[in-house]
Structures are given as C-alpha cells and as structure tokens.
Protein chains: 2
Amino acid sequence: MRISARADYAVRAAAELAAADHDVPVRAEALATAQGIPYRFLEGILSDLRRDGLVTSQRGAGGGYRLGQPAERVTIADVIRAVDGPLVFVRGKRPSDLEYQGPAAPLLQVWVALRANVRTVLEQVTLADLVTDGLPTEIRDLVRADDAWANA
Amino acid sequence: MRISARADYAVRAAAELAAADHDVPVRAEALATAQGIPYRFLEGILSDLRRDGLVTSQRGAGGGYRLGQPAERVTIADVIRAVDGPLVFVRGKRPSDLEYQGPAAPLLQVWVALRANVRTVLEQVTLADLVTDGLPTEIRDLVRADDAWANA
DNA sequence: AGAGTATCCTATCAATCCGATAGGAACCAA
DNA sequence: TTGGTTCCTATCGGATTGATAGGATACTCT
C-alpha cells in the first residue's frame, strides 16, 4: 500500500495552485521550487492533471497553470486518480475483477472494505481543506486515534 | 494504492493453511495448486512468513507448512507486513519521516488518517474470520456501503 | 515581425521492483 | 540409502518508477 511519488507531488502542486491567486497563472518551475519537486518530472504530472481538467494551462510569456475547478470541489482522490488511475487495486486488477477459491473467498470483501475506507479519507478532503488547514473533523479524529496508537 | 501480488498470494496461502488440519503439514505445491499461485514464487513468500513466525516448516518426506500461531490471532495486516513491510508508505518513506512546505503541510495528516483507516480494516480481520466466512460486522457494513456507491 | 517565454511532446535513461524460474544444497522419514 | 521436500542463492525479462533532455508549439509583448 504505497502512495507513489507522482501522487504525492501531484497533490502538493495542486495545493500550491489552490493557494495561489487564481487570476495569475503559476509557472511550473515556480511550483517545482516551492515544493521541491524536479521540474521536468512535474511537467508530466501537470499534463495528467490538465487531461482530467483539474488544471488549465496557458503557454507563452506570462503563462503557467491555474486550477481548473474550485478548490472546494477537487478532492485528493481526484488528483491521485488523474496521475495513478484507480485508488485501490490488487495485483493490477480492480477488486471486482478478482476471483478467489476456497477459504480465500471472503478475501474479496476485505479488499472492497479496504477500498471503501480509503475513499472515506481521500474523497472527503479537498484542496480547499488543505490550504486553509481546515481538515474535516472525521479526519482529525483519525489522526488523534493514530497518535494514541503510536504512543501505546 | 496497490496491493502487491506477494501480499495477495501470502494471505491466500495463509488462509489455506488456516483451513487445513493443523496436525499434518501442507506441502507448498499443494498450496500453490489450491490457490493458483506459481509454486516457486510461493516458496519465497512462505520463507517470509516463516521469518516472522506466521508459519512453521518441516523438511523431508511428509513435511510441509503449518500455521505458526492460532488463526484467531493472525491478522491480514500481520501477513502483509511480513511480505511487504509497512502497510502504508508515501514515496518510499513512512508518513512520520515526511516534511511538507506551505499549503501542502496538512497533507501529512491526511496520510496518517489514511493509514489509520487502512489499519482498522486489515488489523481487524483474522485468518479465522476468512475461513469461517465470519467477517466482523464493521467490515460487512463497509462492503454494503460500497455496493450502494457502485450502483449509484 | 520578431524576440522572449513557457508549455507541450517525445524520447531516453538508470534504478528498482515485480513476478517468475532454475539448480542444487540441506534436511527428514522410512 | 532412497526419495521427498524445504531451503538458499542466483538469475531473468519485463514493467514501473523517478528523472532528464531536446526541441516543437504557442502565446505575449514590444
């Protein structure tokens, strides 16, 4: 269960765009230096985000990138799906495409439940939540529970 | 967020062992054919499980593998960690080792919340739950919620 | 028109991981 | 001693990952 560098970079770049003034485009290099992301690598990521309409771009002098939708309506799941495809997949397949035999049969439901729980986090947090540091209370509760777990 | 083939195979083999009579060892090849797993590949996986004490092995004629602990006490998270390491990591690092700048700062909490929610699923389901098809009600609720989502 | 700027496209690259395979050594039971 | 089975090490092709490079395309401003 790993979050790829692409996904991590994409969310951070999107957060940077959400925090910027929407009237002026931000250059890819400005995003790269602000978040410590390799410039050329980020270009490919922004291309993915543009394909899904999450950002818009403008070429030429004074050009750059802007958020394509209101920050309140873009979730982290949207960003990750744009660069990495489906949120959760098992052995390269979607859970619904799997078949299990014998005592492993109920495992399919476990993967489905896992995906559901992943979605409750990633589809609930928006870019606006990030830039205003206003995460939903459900998320904050999960973080607190985890801290308690780590110190036990 | 992908579940590797190693993890999937490991859980299925462990489930097969949990379903078997604990008195007689099961050969790796029997596990492989029962679950459709490449035999040689499975051997390496079983070696990982043995290192963590999840299975015990016996060489020679009449040998094979047995569960190293009661099926009620082995969670899916235990199995996955044995073959893949930490459950959730971002860009190859644990969330606690990450540092985010500017508007991306709250992202760290999102990853922590995500990990917490992953744990609630994978640390709750045991091998015994799988073989008896007796998943916890919390898991069943998540599956139902996901079905509703898929049909919407 | 032209100069400058920035995205955009394609190609490449090394490293790593992944899934899978092979040979043979170690070990065990009968 | 014989046959069965785990166990160790090494290798392999292919895909993915993270990153880099060159140059084509498009836009703005002078």
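Predicted model only: the values in this text are computed from it and were never measured.
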Novice: Nearest to the side chain of B:Pro38, which nucleotide is it out of C:dC9, D:dC7, C:dT21?
Specialist: C:dT21
Novice: Which pairs, with at least one residue in residues 30-46 of chain A and sequence neighbours excluded, count as a side chain to side chain donor-acceptor pair (under 3.5 Å)?
Specialist: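 Qualifying pairs: A:Arg12-A:Gln35, A:Glu16-A:Gln35, A:Tyr39-A:Glu43.
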Novice: Give a yes/no answer on whether the side chain of B:Tyr9 brings an N or O atom under 4.0 Å of OP1 or OP2 in C:dA20.
Specialist: yes
Novice: Nearest-nucleotide wise, let me know which of B:Arg91 and B:Gln58 is further upstream toward the 5' end of DNA chain D.
Specialist: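 Looking at DNA chain D, the more 5' nearest nucleotide goes with B:Gln58.
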Novice: Using a heavy-atom cut-off of 4.0 Å across all strands, would you classify A:Arg51 as base, sugar-phosphate, or nothing?
Specialist: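 No contact at all - A:Arg51 keeps every heavy atom at 4.0 Å or more from the nucleic acid.
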Novice: Is atom CZ of B:Arg94 surrounded by more than 12 heavy atoms (other residues, nucleotides or ligands) closer than 6.0 Å?
Specialist: no
Novice: As a test of reading the structure: which of D:dG23, D:dG18, C:dG19 is closest to the side chain of A:Arg40, going by heavy atoms?
Specialist: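 The closest nucleotide is D:dG23.
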Novice: Respond yes when some side-chain nitrogen or oxygen of A:Tyr39 is under 4.0 Å from OP1 or OP2 of D:dA21, and no when none is.
Specialist: no
Novice: Heavy-atom count around A:Arg73 CZ within 6.0 Å, excluding the residue itself: above 12?
Specialist: no
Novice: Would you call A:Asp48 and A:Arg6 a salt bridge, using N to O less than 4.0 angstrom?
Specialist: yes
Novice: Would you kindly compare A:Glu43 and A:Arg2 by the position of their nearest DNA chain D nucleotide and give the one closer to the 5′ end?
Specialist: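 Taking each residue's closest nucleotide, the earlier one in sequence belongs to A:Arg2.
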Novice: Counting only side-chain N and O atoms of A:Arg6, is one of them less than 4.0 Å from OP1 or OP2 of D:dA19?
Specialist: no
Novice: Which atom pairs, one a donor and one an acceptor, fall under 3.5 Å between side chains of residues 21-31 of chain A and the rest of the protein, sequence neighbours left out?
Specialist:
unit_1	atom_1	unit_2	atom_2	d
A:Asp21	OD1	A:Asp23	N	3.1
A:His22	NE2	A:Leu67	O	3.1

Novice: Detail all sub-3.5 Å separations between protein N/O atoms and N/O atoms belonging to nucleotides 3-5 of chain C.
Specialist:
unit_1	atom_1	unit_2	atom_2	d
C:dT5	O2	A:Ala61	N	3.2

